[in-house]
2 protein chains.
Amino acid sequence: MPTLEDVARRAGVSTATVSKVLSNTPYFTEATRNKVLLAVKEIGYVPNLAARALSSGKTQIIAVVFPYVYDAIFADPRILCVLEGIDAECNLRGYNLLISTPRLIEGSVDENYLQLIQSGYLDGVIALNHVPFASVLDPVIKKGLPAVSIGGPPSAYSVSSDHHAGGVLIMEHLLELGHRRIGIITVPDSINTGTEQLLQGIQDAAQAGGLDFNSLPKAVGDYSTASGTDCAAQLLRQHPDLTALLCLNDRMAMGALQEAHRLGLRVPEQLTITGYDDIPAAATTVPPLTTINQRSLTTGYEASRMLFELLNGQKPESKIIPVELVVRGSSAPPARR
Amino acid sequence: MPTLEDVARRAGVSTATVSKVLSNTPYFTEATRNKVLLAVKEIGYVPNLAARALSSGKTQIIAVVFPYVYDAIFADPRILCVLEGIDAECNLRGYNLLISTPRLIEGSVDENYLQLIQSGYLDGVIALNHVPFASVLDPVIKKGLPAVSIGGPPSAYSVSSDHHAGGVLIMEHLLELGHRRIGIITVPDSINTGTEQLLQGIQDAAQAGGLDFNSLPKAVGDYSTASGTDCAAQLLRQHPDLTALLCLNDRMAMGALQEAHRLGLRVPEQLTITGYDDIPAAATTVPPLTTINQRSLTTGYEASRMLFELLNGQKPESKIIPVELVVRGSSAPPARR
DNA sequence: AAGCAATAGTTAAACGCTTAACTCTATACC
DNA sequence: GGTATAGAGTTAAGCGTTTAACTATTGCTT
C-alpha cells in the first residue's frame with residue numbers, strides 16, 4: 001500500500017505538505033495542491049487510518065452501544081430504525097460505525113467493553129440506555145469521551161421520546177373510545193426511566209379521566225411476543241369483563257392479539273388492543289395495531305447530530321422527541337353489554 | 001492514559017518485556033509475569049488499539065457490510081439475526097464489529113466504503129451479498145483482506161442457505177396440500193443468486209408435481225410489505241380462482257395476508273399464503289405464517305467462524321446451511337369447489 | 001532601504017505499540 | 001573444561017501519520 005511518503009516523493013514535496021494539503025490546512029498554492037492531488041490519484045493513495053488515529057488521536061469511529069438485556073437487543077426492530085438514522089448521519093460525515101453489545105453481569109459491564117472504551121479506538125459513543133442500574137455510559141464519561149444517550153438519564157446529553165405524552169395519548173384514546181375496564185400488560189417496575197414516564201403518563205391520563213390506575217388489572221411481561229400472549233391469557237381469564245388491553249410495547253400487543261384470536265375474541269369489536277413503539281410489523285398485523293410512534297429514525301438522527309456537535313466542542317441541548325398516536329384497526333369503542 | 005512505558009517503568013522491566021508478557025509470548029518467569037500484570041492492574045493500563053494496529057497491522061476490527069438496496073437493509077429483521085450470530089462470535093474472540101452500509105451508485109460502490117476497505121482499519125469483512133452486479137467484496141479481495149460472503153457467489157468463501165431446497169420444500173408443501181392454482185409473489189429477475197436458486201427449487205418441485213411453473217400467475221414485488229399487498233391484490237383480481245399465494249419473503253406474505261383480510265378471504269380456509277425467511281413477526285401474525293426458516297443465527301455464526309479460520313491462515317470450506325419448513329396456520333388444503 | 005507580516009513549504013519529533021536482533025546468564029552435554 | 005543451547009530479558013528500529021517549530025521567499029509599509 002502506498003504511503004504518504006510515496007505521494008510526497010512522486011509530487012516532489014515533503015510529507016508534511018501532502019498531509020496538510022489533504023487536510024485542507026491553508027497556505028498552499030494551487031499548483032502544489034494540484035501536484036499533490038494528482039500524485040494521490042496516480043498511485044491510488046488511501047490514508048492509513050490506524051496511523052492517523054495514533055498520531056492525531058481521532059479515529060473517525062463512533063460506537064453504538066446497546067447492552068444485552070432480556071431479548072430486547074437484536075429482537076427489537078426499533079434498534080434497527082434508530083441504527084438507520086445514526087448510520088445515515090455518520091455516512092454523510094465520513095464516520096464509521098462500530099457496534100458494541102456489552103454483557104451486563106451483576107450490575108457491571110463486561111471486560112471487553114471496558115477495554116474498548118479505553119482503547120482509544122473511539123471518538124464518541126451513542127448508547128441505547130436500557131438499564132438504569134448499570135449505566136454503560138459511566139466508563140465512557142470517565143474516559144472523557146463525548147457520549148449521548150438515547151432514552152437515557154436527562155443528566156447526560158440525551159435524546160428521548162416523550163414517553164409521558166405517549167402514555168397520556170394512548171390512555172386518552174382508550175378513554176375517549178369509552179373504555180373503562182382496561183387491562184395493562186406491563187414490564188417489571190422501572191426497568192428504565194422511559195417506562196417509568198410512560199406509566200406515569202398512563203396514570204395521569206387515567207386520573208384525569210376519573211379512572212383509578214392502581215385498581216386496573218395488570219400483568220407483567222418481558223417485552224417479548226410470547227410474554228404478551230401469556231399476559232393476555234392471564235388477564236382475560238381473571239377479568240373476563242375487560243374491554244381493552246393496553247400493552248407497553250408492540251411485540252407484547254402482537255402476542256395479545258394472537259391470544260385474543262385463539263380465544264375467539266374478535267378485535268377490535270370485542271376487545272381493543274393497543275401497542276407502543278410502532279414497529280414495522282405493527283402496521284401489518286390483522287387488524288393493524290393502534291400504537292404510539294416514537295420516530296425512531298429521527299431519534300437516531302438527532303442522537304448522531306448531537307454527538308457531532310459535541311465533537312465540535314459545542315454544548316448541545318438534550319432533546320425530547322415528540323411521539324404520535326397512530327390509530328389503526330385494533331381499537332374501537334367497547335361492545336354494548 | 002498510561003502507556004506501555006509507564007507499566008514497564010513501574011514493573012522495572014523494558015517495554016518489550018511488558019508487550020511480550022501481555023501477548024503471551026513464551027520465555028518468561030512467573031515472577032516477571034506477575035510483576036508486569038500487577039503493574040498493569042495498579043495503573044489501570046489498557047493497550048492503545050490504534051498504536052497496536054499501526055505496529056502490528058492487526059486491528060481486531062471486522063466489518064459487516066450490507067449494501068443499501070431497496071429498503072431491504074435496515075427494514076429486514078433477518079439482518080439483525082445474522083448480526084446477532086456474528087456479534088456473539090466476535091465478542092467471544094475479542095473482536096470488534098464495524099458496520100458499513102455502502103451506497104451503490106450505477107453498479108459501483110461509494111467512495112467512503114472504498115476508503116474504509118483500503119484504510120487498514122479492517123482485519124476482515126463479512127458481506128451480505130445482495131447484489132450480483134456490484135459485488136461489494138471485489139475491493140476487499142483486491143486489497144487482500146479475508147472475506148466471507150453470506151448468500152454470495154460460491155466462488156468466494158461463503159455461507160448460504162440452501163434456497164433450492166427451500167423452494168422445493170415450500171412448493172412440495174403446497175402440492176401435498178392439494179393446491180394447483182398457485183400465485184407467485186416474486187421479485188425482479190435474478191436480483192441475487194439466492195433468489196435464482198429459490199425460484200429454481202420452486203420450479204423443480206412444480207415440475208415434479210406435474211405443474212407447469214411458467215404458466216403460474218406471478219406478480220413482482222420488492223420485498224416490502226406494501227408490495228406484498230399490491231401483488232396480492234393484483235393476482236387475486238386477475239385470477240380469482242387462486243387457492244394459494246407463494247411469497248418469496250415473509251414481509252410480502254404479511255402484506256398479502258392483509259390484502260386477503262381486506263377482501264374478506266379467510267386464511268387458510270379460502271386462501272393459503274406462505275412466506276419465506278421465518279422472521280420473528282412471521283410467528284405472530286394471525287394466522288401465523290407457514291414459511292421457510294433460514295437459521296439466520298447459525299448463518300451469522302458460521303460466517304464469523306469461517307472468517308476467523310481465514311484469519312488463522314486456514315482454508316475453510318464454503319458452507320450451505322440447511323433450511324426448514326415451518327408449517328403454521330396460514331396453509332391448509334384448498335376449499336372444495 | 002530596513003522592517004515586518006503573510007505566505008509557502010520543510011524538518012523532525014512524537015503518537016504507543018510490536019518485534020527482529022541482540023546480549024547475557026545458567027544449564028546440559030561430551 | 002569447553003562448547004552448545006535454551007531461557008530471560010533488553011535495545012532499538014520501525015509502523016504511517018500529524019504537527020509544532022522552523023526556514024525561506026515575497027510583498028507591503030514607512
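So that the names make sense, note that chain A is the first sequence line, chain B the second, and so on, each numbered from 1. Predicted model, so just to flag it, every value in this text is computed and none were measured.
When heavy atoms are screened at a 4.0 angstrom cut-off, A/S19 is found touching base atoms of the nucleic acid. Using a 4.0 Å heavy-atom cutoff across all strands shown, A/T17 reaches at least one base atom of the nucleic acid.
Distance CD (A/E5) to C1' (D/dT18): 14 Å, rounded to an integer number of Å. Note: CZ (B/R9) to P (C/dG16) measures 12 Å, nearest angstrom. When rounded to the nearest whole Å, the span between NZ of A/K35 and P of C/dT10 equals 8 Å. One atom, CZ of B/F28, and another, P of D/dA6, lie 18 Å apart when rounded to the nearest Å. One atom, CE of A/M1, and another, C1' of D/dG16, lie 14 Å apart when rounded to the nearest Å. Note: CG (A/N48) to P (D/dC15) measures 11 Å, nearest angstrom. With rounding to whole Å, A/Y121 atom OH is found 12 Å from C/dC17 atom C1'. Look at CD on A/E30: it is 14 Å from C1' on C/dT7, rounded to the nearest Å.
With hydrogens and angles left out, the side-chain atoms of A/Y223 and A/T195 include a donor and acceptor closer than 3.5 Å. Under the 3.5 Å distance criterion, with hydrogens and angles disregarded, no donor-acceptor pair is assigned to the side chains of B/T15 and B/E5. At a cut-off of 3.5 Å, with distance as the only test, a side-chain donor of B/T32 or B/T29 sits close to an acceptor on the other residue. For the residue pair B/T17 and B/S14, a side-chain donor N or O sits within less than 3.5 Å of a side-chain acceptor on the partner.
The phosphate of C/dC15 has neither OP1 nor OP2 within less than 4.0 Å of any side-chain N or O from A/S56. The side chain of A/S55 contributes no N or O atom lying less than 4.0 Å from OP1 or OP2 of C/dA14. Between B/T32 and D/dA8, a side-chain N or O to OP1/OP2 separation shorter than 4.0 Å is absent. A sub-4.0 Å separation between OP1 or OP2 of C/dG16 and a side-chain N or O of B/T15 is absent. A sub-4.0 Å separation between OP1 or OP2 of C/dT7 and a side-chain N or O of A/Y27 is present. Listed pair A/S14 / C/dT10 meets the phosphate criterion, a side-chain N or O lying under 4.0 Å from OP1 or OP2. Close to C/dC17, at under 4.0 Å from its OP1 or OP2, lies a side-chain N or O of B/Y45.
A donor-acceptor contact under 3.5 Å links the side chain of A/K20 to the base of C/dT10.
Along DNA chain D, the nucleotide nearest B/L54 and the nucleotide nearest B/G12 are compared for position; the residue whose nucleotide lies closer to the 5' end is B/G12.
With B/L98 as the partner, the side chain to side chain contact (heavy atoms under 4.5 Å, CB included) test is satisfied by one option alone out of B/V65, B/V64, B/T59, B/L116: B/L116.
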